[in-house]
Each structure stands twice: as structure tokens, then as C-alpha cells.
Amino acid sequence: MNANSLIILDFETTGLSPDNGDRAIEIGAVKLENGVVTDRFQELMYPGRPVSHFIADYTGITNVMLSKAAPCHEVMGRFSDFIQGQNLVAHNASFDKRFLDSELKRISSGYDGQFACSLLLSRRLYQTAPNHKLGTLTNYKGIASNGSFHRALYDSEMTAKLWVAMLDDIKQQTGIDEVPFSLIQKLTKTTKANVGKLLANYR
DNA sequence: TGCCAGGCCCTCTTTAGGGCCTT
């Protein structure tokens, strides 16, 4: 596993639950190496069924756009190659993990990285934020936004910027130069009340 | 036609319920 890089990803989908037949319609991801975006992945994919008005409104992704896209199995095959050997991050990772697992299972593929969740980390670090939606958090951290939320690549780019800001805050509070993935996992699992103590004792 | 999830996290909790996040 590459310790100095990770993949930040975001799915747009036909709905909330792959167990109910929902499918991915777009995948966006950036590779973050030492805090810098060094690679990108973005593709629409045809899910084999029309998307609802709600999803078209929510994402801006229409059935006409999807009718010209490659089918899910082709896109996910390419994305599987993109993420091999990398740890993974998503905002509310439990959602994206369900769709990643579901779509890769359909093509008998998988991945070897571990997931971290920027939503869970932000709840630990930014306990006074108005809420922990991606758009609110980027605004809260003064991160400039100049694109459309609810598109996969844009959301993954914004999650990457939030991620870098959170790592910078951890570095500042601990004095360490690099934040190991294991510390992220530890922070994500501890109680909110213990975050300050964990960071203060981590040197 | 109508309806659909799941993990986290708090609290008036743990023999439970409801809000927050993601599409």
C-alpha cells in the first residue's frame, strides 16, 4: 500500500441503495500525493435504466447524457485499475463504499485499500461547524468553490481540499509533519470528547 | 401505485428513537 498517496472518490447514483437495485451513474476521483492532486478520473456510466427526475435535477445528469455513456462494467473496470494499491477516502464513505463494493462485485473485481471517511473525521475536528455537509464544510474552512456540487469529480476535488485542510489542522495540533493513515482511523473511531486528548498526546 | 437504506451519534439510551449524511 502506498503510504504517501490515496484516492478520494465520489459516486453519483440512481438512488440511495444498491440493495434496492440502484446503480452508479458517474464516478469521479482524484489521486492525492503528499497533499497535491496528481491524477484524476471522471466518467459517466450507463446504468441500464432511466434516472428519476429527482436524480436528474439533483445531479444535472440526464438520461440523454447517460445514453451516450459507456456501460457500468466498462467504466468500473477502468476505475478498478485506477484505485489498486491505494487507500480510499469519501465524504460519508459508508455510502460510496456500498456502491463501490456492489459495482465491483458485478465485474468480479475488488480493491485492496482501506476506506477513511471525511465526514466522520470532520465531526471530530470541527465540532462547532453548522453541519457536516460537504458544501457547508468547505465554506466553513474558507475553501473557494467554483463549480457544481453533486457532480462526481467536483465533489471529489472539494473533498480533497477539505481533506488537506483537516490534515493541516491535525499537523498544527500535534506538531507532526505527516499524518499517518492509522492516526486518521484512530481519530475516526474515538469519541468526540477524546479527540483533543488523543491529538495532544500524539507526538 | 406506493414505497424503498444504512451507519453514525446523541439522548429524556442500551428492552429505543430520531436526526444527520450520502444519491
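As a basis for the values below, the full set of heavy atoms in this structure was taken, side chains included, without hydrogen atoms, waters or symmetry mates. Chain letters run A, B, ... following the sequence lines, proteins first and then strands; every chain starts at 1.
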Base, sugar-phosphate alone, or nothing: which one does Ile25(A) contact when heavy atoms must sit under 4.0 Å apart? nothing
For a 4.0 angstrom threshold against heavy atoms of chain A, report the outermost contacting nucleotides of DNA chain B in 5' to 3' order. dC4(B) to dT23(B)
How would you label the contact of Phe54(A) with the nucleic acid (heavy atoms, under 4.0 Å): base, sugar-phosphate, or nothing? base
Strand contacts (DNA chain B) in residues 184-192 of chain A, 4.0 angstrom heavy-atom criterion: Lys192(A)
Given DNA chain B, 5'-ward residue of the pair Ile55(A) and Asn20(A), judged by closest heavy atom: Asn20(A)
Residues in residues 121-130 of chain A with a heavy atom under 4.0 Å of DNA chain B, by number, are Arg123(A), Arg124(A)
When clusters are formed by joining ILVMFWY residues with side-chain heavy atoms under 4.5 Å apart, either directly or through shared neighbours, do Leu134(A) and Leu153(A) land in the same one? yes
Name the nucleic acid region contacted by Asp10(A), choosing base, sugar-phosphate or nothing; use a 4.0 angstrom heavy-atom cut-off, strictly under. sugar-phosphate
For Arg106(A), the salt bridge (charged side-chain N to carboxylate O under 4.0 Å, His left out) test, sequence neighbours excluded, returns none
Salt bridge (charged side-chain N to carboxylate O under 4.0 Å, His left out) involving Asp101(A) - partner list, sequence neighbours excluded: Lys97(A)
Just to be sure I understand the rule, does Asn131(A) reach a base, reach only the sugar-phosphate, or reach nothing, if contact means heavy atoms closer than 4.0 Å? sugar-phosphate
Close side-chain approach of Ile55(A) and Ile25(A), heavy atoms under 4.5 Å: yes
Co-members of Phe99(A) in a cluster of I, L, V, M, F, W and Y side chains, linked at under 4.5 Å: Ile7(A), Leu9(A), Phe11(A), Leu16(A), Ile27(A), Phe41(A), Met45(A), Val75(A), Met76(A), Phe79(A), Phe82(A), Ile83(A), Leu88(A), Phe95(A), Leu100(A), Leu104(A), Ile107(A), Tyr111(A), Phe115(A)
